[in-house]
Amino acid sequence: MDDAKHPPRRAVDLEAEADLARCGALKDFWYVGCLSSELQGKPLSRTILGTPLVLFRDAQGRPAALLDRCLHRNARLSAGDCFDGKIGCPYHGWVYDGSGACTEIPSLGPAQQGRLLDAAGHAKAGLEACPGDVGRVPSFATREQDGLVFVYLGTDVTQARREPFRVPKVEEPGWTVYFMVTRFPNGVTNLVENFMDVPHTVFVHRGWFRNRKVRPVPATVARRDGEVLVTYEQQQDELTGAGFLMNPTGEPMVHTDHFFMPNVTRVDYLWGARSGYVISSQVTPIGPLESLVYTSISYRLPWDVPGHLVARGLKRAMKWYTTQVIGQDVDIMRVQNEGFTRAKRGLEFTSTEADLLHADIEEVRGWLREGGSGDGPEPANRRIEFWI
Ligand code: FES
Ligand SMILES: [Fe+2]
């Protein structure tokens, strides 16, 4: 083994990066907890960075996020019910509001107060007297934006390192946008690399998205402020499937892939001002080998009628198509997972020029995992070439 060949690179540690206690500054960001449309009358159970949460809407209709654990005997609150903007535990019915404060303990009767023991008697036996005394279920800041509910698990929400990611084109006229939620059997670093990765498309999505032509693709990889922007110099990409739909007349294509720390990718395929699609993927870490990916697909057709009725009408077909393609990524992410877990080794990557953007992503996420102090990886701008 020749360790001196390259300067040492940080190894990706999926265990640490998905653990709230060990993920360093990776927790100081907003993560998607659910779609707005998922948060209706019933409580939702979600796990972010290994932390079990219950999500529901408070009395004002705002999203609330609490640790999914009742103060009483620690039952899972997400198995309970919501009413009047509060959540009731399924075991003995303790009720909590959106801030995690206990507002009702049914077994204390209408007075909501222990009646026969005096204060000294309660204290001596280690008992609380009333709902106001039991403390609060830990709560987490939430934000609702662009049809998504975000949760912040860091120590201080005023210190969040970024605002929640804005869904591309969501408010631009002429664009149709829909969401997909997909469970992936792999960790965040591997997933954002996959979503930014062009070379795999000619293998994993052969016949569905892009076919192999054995030709070079020059690109620029710019790393700056926790972002990695890849601009491809590839004006005519013979995309199959949706690509043909979007570009029947063969306009020159602008293709960029953009990573935003710590967990978001945005892929743009644009043909002139009138046509294109933009895919954003926000990865929420559940555990080391489990993630929920919130994908937005925004698209605009070059030949649509007023009210973009054709684009809207095509949504079902688009959803079906994108579900197939994402399913191929789920499968390959499982295959990668099996590769390193069955060998009982951590991730040990070998990279070439075609992987420069991935090395940049690993650099940024590694820096955050180690605490994210200082300015982070220095800005860099490089030209590369790979073949597809
Ligand atoms: S465990 Fe929740 S009310 Fe008893
Ligand atoms: Fe893919």
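We count ligands from 1, going down the list as the structure has it; atoms in each ligand are counted the same way. Remember, it's a predicted structure, so these values are computed and weren't measured experimentally.
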Worksheet item: How about H92: does one of its N, O or S atoms come closer than 2.8 Å to atom 2 (Fe) of ligand 1?
Response: no

Fill in: Basic-acidic side-chain contact under 4.0 Å: E233, R383
yes

Discussion item. Only heavy atoms of C89, strictly under 4.0 Å: list the atoms of ligand 1 that pass.
Written reply: 1 (S), 2 (Fe), 3 (S)

Practice prompt. Could you check which N/O/S atom of H205 is closest to the Fe ion (ligand 2)?
Written response: NE2

Fill in: Proximal heteroatom of H72 relative to atom 4 (Fe) of ligand 1 (N/O/S)
ND1

Discussion item. Could you tell me, atom by atom, which parts of ligand 1 come under 4.0 Å of a heavy atom of G93?
Written reply: 3 (S)

Item to complete: Dump the intermediate steps for salt bridge (Lys or Arg N to Asp or Glu O under 4.0 Å) on R365 and E362, then the final yes or no.
Response: CA-CA 5 Å; R365 285 186 52 81; E362 289 156 28; over 6 Å; no

Fill in: Salt bridge present between R62 and E144 (N-O < 4.0 angstrom)
no

Fill in: Ion pair check, D146 and K169, cut-off under 4.0 Å
no

Worksheet item: Do E17 and R22 pass the salt bridge (Lys or Arg N to Asp or Glu O under 4.0 Å) test, and can you show the C-alpha distance, the side-chain angles, and the key distance before you say yes or no?
Response: CA-CA 7 Å; E17 67 177 47; R22 290 193 292 147; over 6 Å; no

Worksheet item: Angle at the Fe ion (ligand 2) between NE2 of H200 and OD1 of D329, to 10°?
Response: 100°

Fill in: Region of A75 that comes within reach of ligand 1 [heavy atoms, distance under 4.0 Å]
both

Worksheet item: Step by step, would you call D360 with R223 a salt bridge (Lys or Arg N to Asp or Glu O under 4.0 Å)?
Response: CA-CA 7 Å; D360 279 356; R223 180 179 73 193; 3.1 Å; yes

Worksheet item: So, for F165 and F260, is the gap between ring centers shorter than 6.0 Å?
Response: yes

Worksheet item: What is the closest protein heavy atom to atom 1 (S) of ligand 1, and at what distance does it sit?
Response: R73 N, 3.2 Å

Item to complete: Go through ligand 1 atom by atom and flag the ones less than 4.0 Å from a non-hydrogen atom of W94.
Response: 3 (S)

Worksheet item: Counting backbone and side chain alike, does C70 bring an N/O/S atom below 2.8 Å of atom 2 (Fe) of ligand 1?
Response: yes

